[in-house]
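Accompanying notes for the structure given below.
Start at 1 and go down the list; that is how both ligands and their atoms are numbered. Heavy atoms only: backbone and side chains are in, while hydrogens, waters and symmetry mates are out.
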Amino acid sequence: MIVLGIETSCDETAAAVVEAGPKILSSVVASQDDVHGRFGGVVPELASRRHLEAVLPVVRRALDGAGLGLDAIEGVAVTHGPGLVGSLLVGCSVAKAIAWARRLPLVGVNHLEGHIYAAFLEGPAPSFPFLALVVSGGHTALYLARAPREYQCIGQTRDDAAGEAFDKVAKLLGLGYPGGPVIERIARAGDARAIVFPSAQMSDGAPDFSFSGLKTAVALHVRRHGPLEPARVADVAASFQDRVVKMLVRKTVKAAQALSIGRVVLTGGVAANAALRAALAAECAARGWELFVPPRALCTDNAAMIAAAGHDRLCAGERAPLTLNAVPDLALA
Ligand code: KG4
Ligand code: ZN
């Protein structure tokens with residue numbers, strides 16, 4: 001089946017064509033960093049307006065990139081949640097219009113399931129069951145994927161998502177948006193042991209995450225010692241990143257041990273972070289576990305992952321009605 005995927009849940013307008021495998025025939029991502037950068041975060045109303053302008057040219061480019069016309073498309077998959085409602089509505093409307101006009105089967109995809117399916121797009125695919133750490137700008141959660149399309153949430157953040165913490169800390173340090181890539185770059189010149197930031201412990205021992213205390217600690221540090229010279233900014237960036245990485249890795253390893261699962265998937269925008277990829281790889285290698293991490297460009301938001309998840313659901317016979325709607329708080333499990 002050749003599936004057109006559409007993703008507009010946050011601030012990337014994306015479309016992709018994927019065939020069985022899943023194999024990517026084309027993948028186009030139009031970033032909105034130029035729209036939101038000066039605000040230090042995504043402005044929902046501006047995001048939906050930009051999606052509206054960008055979505056049809058992006059779909060056209062995806063079809064052209066695959067060398068296919070709409071007549072070759074056999075199914076349409078679209079992110080219908082979680083995300084910003086206005087943004088989701090743009091993708092859902094376009095997907096429904098194409099499906100209706102072409103009499104094509106339609107399926108709604110959970111954005112977080114899409115991130116997990118990014119691990120199936122290149123290189124060896126993970127077999128089931130596996131533990132997935134989905135770590136993005138809006139979510140930070142551990143899912144047990146028992147079988148295709150069957151998930152159990154093992155733990156999640158109780159406040160900020162890890163990516164959100166990167167973005168907020170970058171804003172505090174005056175580094176711009178999105179924060180993850182710039183903190184990663186600046187941190188390379190810093191000393192990760194320069195500042196000991198606190199690490200959240202769940203008093204009830206739950207495999208949940210928390211990043212707001214760390215963010216506050218960085219804010220207090222900046223207030224107390226600012227304005228910081230560039231070398232100190234690098235130290236803060238490196239010390240903060242090190243803390244986030246250690247929290248994510250520790251909880252993931254603990255959860256995998258508790259579940260007796262030696263197969264881990266790392267995905268979502270923050271999974272593009274080289275320090276996180278290396279730290280989790282080292283822990284998994286030391287235990288003889290298998291680790292699956294998509295290439296960086298497939299960790300951040302894209303539509304190939306949505307098309308891949310949609311392909312699986314369409315092949316399993318799932319169909320969405322034309323009443324398919326945006327669900328901003330859609331849960332995966
Ligand atoms: O998955 P994603 O593209 O969008 C959401 O679903 O939220 O994730 C975006 C998040 C942003 O918070 C961004 O700062 C973060 O991922 N991010 C990174 C890196 N690249 C993107 N965080 C740390 N290191 C990176 N290299
Ligand atoms: Zn995402």
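Checked against side chain to side chain contact (heavy atoms under 4.5 Å, CB included), Glu45 has the following partners two or more places apart in sequence or in another chain: Ser48, Arg49. Arg149 pairs by the side chain to side chain contact (heavy atoms under 4.5 Å, CB included) definition with Glu113, Tyr117, Asp312, Arg313, Ala316, not counting sequence neighbours.
Of the protein's heavy atoms, Gly269 O, 3.5 Å lies nearest to atom 17 (N) of ligand 1. Atom 2 (P) of ligand 1 has its closest protein heavy atom at Asp301 OD1, 3.2 Å. Scanning the protein heavy atoms around atom 9 (C) of ligand 1, the nearest turns out to be Gly137 N, 3.7 Å. Among all non-hydrogen protein atoms, the one lying nearest atom 11 (C) of ligand 1 is Asp167 OD2, 3.6 Å. Among all non-hydrogen protein atoms, the one lying nearest atom 24 (N) of ligand 1 is Asn273 ND2, 3.0 Å. The nearest protein atom to atom 18 (C) of ligand 1, hydrogens excluded, is given as Gly180 CA, 3.4 Å; this is a heavy-atom distance. Protein heavy atom closest to atom 26 (N) of ligand 1, with residue, atom name and distance, is Glu184 OE1, 2.6 Å.
Annotation for ligand 1: atoms under 4.0 Å from non-hydrogen atoms of Gly163 are 12 (O). Using a 4.0 Å cut-off to heavy atoms of Thr300, the atoms of ligand 1 that qualify are 3 (O). Near Gly138, meaning under 4.0 Å from any of its heavy atoms, are these atoms of ligand 1: 7 (O). Here is the list of ligand 1 atoms found below 4.0 Å of a heavy atom in Gly179: 14 (O).
At distances below 3.5 Å, not a single donor-acceptor pair connects side-chain atoms of Arg158 with backbone N or O atoms of Phe209. Judged by distance alone, with hydrogens and angles left aside, the side-chain atoms of Asn110 form a donor-acceptor pair with the main-chain N or O of Ala331 at under 3.5 Å.
Residue pairs meeting the salt bridge (Lys or Arg N to Asp or Glu O under 4.0 Å) criterion with at least one member in residues 323-333: none, sequence neighbours excluded.
A donor-acceptor contact closer than 3.5 angstrom is absent between the side chains of Thr8 and His51. In this model, a donor atom of one side chain and an acceptor atom of the other lie less than 3.5 Å apart for His111 and Glu7.
Two rings, from Phe166 and Phe240, have their centers less than 6.0 Å apart.
For the Zn ion (ligand 2), the neighbouring protein N/O/S atoms at less than 2.8 Å, given as residue and atom, are His111 NE2, His115 NE2, Asp301 OD1.
Between Phe166 and ligand 1, no pair of N/O atoms sits closer than 3.5 Å.
Residue Leu248 is grouped with residue Trp289 when hydrophobic side chains (ILVMFWY) are merged at heavy-atom distances under 4.5 angstrom, including chains of intermediate members. A chain of hydrophobic side-chain contacts below 4.5 Å, direct or via other Ile, Leu, Val, Met, Phe, Trp or Tyr residues, connects Phe292 to Tyr143. Linking ILVMFWY side-chain heavy atoms closer than 4.5 Å, directly or via other members, places Val265 and Tyr151 in a single hydrophobic cluster.
Contact annotation: His115 has at least one heavy atom less than 4.0 Å from an atom of ligand 1. Under a 4.0 Å heavy-atom criterion, Pro181 is in contact with ligand 1. Heavy-atom separations between His111 and ligand 1 include at least one value shorter than 4.0 Å.
The pair Asp64-Arg61 does not meet the salt-bridge criterion, since no charged nitrogen lies less than 4.0 angstrom from a carboxylate oxygen.
Atoms CG and CG, from Leu324 and Leu88 in turn, are 10.0 Å apart once rounded to the nearest 0.5 Å.
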